[in-house]
> 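What follows is a single structure, and I will ask about it in a moment.
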Amino acid sequence: AQSVTQPDARVTVSEGASLQLRCKYSYFGTPYLFWYVQYPRQGLQLLLKYYPGDPVVQGVNGFEAEFSKSNSSFHLRKASVHWSDWAVYFCAVSGQGGSAKLIFGEGTKLTVSS
Amino acid sequence: EAAVTQSPRSKVAVTGGKVTLSCHQTNNHDYMYWYRQDTGHGLRLIHYSYVADSTEKGDIPDGYKASRPSQENFSLILELASLSQTAVYFCASRFRDTQYFGPGTRLLVL
């Protein structure tokens with residue numbers, strides 16, 4: 001079955017420390033992968049997206065993610081976390097074109113401690 | 001960037017009543033979607049549409065109807081609201097392979 005797993009429901013990181021949020025996907029065919037962020041009581045905003053090509057993609061606000069076909073993973077990273085990064089992060093996968101649907105993981109809630 | 005708006009932003013409904021959630025997008029995207037989000041969970045697809053006057057079922061369509069009267073507007077209709085439909089509902093439109101989300105509607109069914 002096609003699915004996305006985010007194994008860490010909650011992550012706490014000190015401000016200024018590095019961050020990695022994990023995402024594992026299962027998808028038949030060529031996957032397109034996305035990371036969205038949801039700030040409190042807001043909609044989802046796109047952080048970055050992966051299309052087949054360079055496995056490392058850069059996003060907004062210093063975020064990047066690395067695609068690994070062998071590990072079926074698309075982990076999100078940031079070198080230095082800021083308090084404003086406190087949010088819920090969703091990984092998602094879809095196929096290409098037409099009626100391709102976006103399949104979401106359950107999200108990882110990031111808490112930033114001072 | 002896509003502009004997707006939703007109304008109302010929050011609503012309290014009674015069990016058995018009719019609820020209509022509205023979504024409007026200003027970027028002329030073909031595809032539009034309705035998702036629900038339950039506390040602590042990801043988004044699940046209810047209905048979607050790729051052209052006006054046509055809608056398709058998503059993964060959890062039971063208890064919901066959708067209507068796409070124009071390119072810009074996409075509504076989600078709960079004919080007989082139930083307690084289990086308490087959730088946050090998100091609308092999205094899609095350009096190429098990227099979906100752009102509205103701010104959400106928080107629905108409480110009592």
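Worth saying up front: this structure is predicted, and the values here are computed from it rather than measured. To find a chain, count down the sequence lines: A is the first, B the second, and so on, and within it residues start at 1.
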> What part of A/L44 lies closer than 4.5 angstrom to a heavy atom of chain B: side chain, backbone, both or neither?
both
> Indicate if A/V13 and A/Y39 have the same hydrophobic cluster label, given that clusters are the connected sets of ILVMFWY residues with side-chain heavy-atom separations under 4.5 angstrom.
yes
> Could you tell me whether the side chain of B/L45 reaches within less than 4.5 Å of the side chain of A/L102, counting heavy atoms only?
no
> Less than 4.5 Å apart, any side-chain heavy atom of B/R96 and any of A/Y32?
no
> Quick check on B/Y50 against chain A: is it the side chain, the backbone, both or neither that has a heavy atom closer than 4.5 Å?
neither
> Cluster question for you: counting only ILVMFWY and a side-chain heavy-atom cut-off of under 4.5 Å, with indirect links fine, are A/Y89 and A/F34 together?
no
> So which heavy atom on B/Q99 is nearest to which on A/Y36, and how close?
O-OH, 2.7 Å
> Check for me, please, whether A/V56 and A/V60 land in the same ILVMFWY cluster - side-chain distances under 4.5 Å, paths through other members count.
no
> Given the rule that I, L, V, M, F, W and Y join up when any side-chain heavy atoms are under 4.5 Å apart, are A/L48 and A/Y25 in one cluster?
yes
> Treat each ILVMFWY residue as a node, draw an edge where side-chain heavy atoms are under 4.5 Å apart, and state whether A/V88 and A/V112 are in one component.
no
> Count the heavy atoms of every other residue, nucleotide or ligand shown that sit under 6.0 Å from OH of A/Y27, and state whether that count exceeds 12.
yes
> Could you tell me which of A/K109, A/Q38, A/Q6 has the largest number of non-hydrogen atom pairs under 4.5 Å with chain B?
A/Q38
> Are more than 12 heavy atoms, taken from residues, nucleotides or ligands other than A/K24, located less than 6.0 Å from that residue's NZ atom?
yes
> Do the side chains of B/T98 and A/K49 get nearer than 4.5 Å, heavy atoms only?
yes
> Which atoms form the tightest heavy-atom contact between A/F90 and B/Q37, and what is the distance?
CZ-NE2, 3.2 Å
> Looking at CD of A/Q42 and CZ of B/F90, how far apart are the two atoms once the value is rounded to the nearest 0.5 Å?
9.5 Å
> I need the minimum non-hydrogen distance between B/R9 and A/R41, along with the two atoms involved.
NH2-O, 3.9 Å
> What is the distance from atom CD of B/E56 to atom NZ of A/K101, rounded to the nearest 0.5 Å?
10.0 Å
> Side chain from CB out, backbone as N, CA, C, O: work out which of these in A/Q45 comes under 4.5 Å of a heavy atom of chain B, or both, or neither.
neither
> Say you draw a straight line from CG of B/L43 to CD1 of A/I103; how long is it, rounded to the nearest 0.5 Å?
13.0 Å
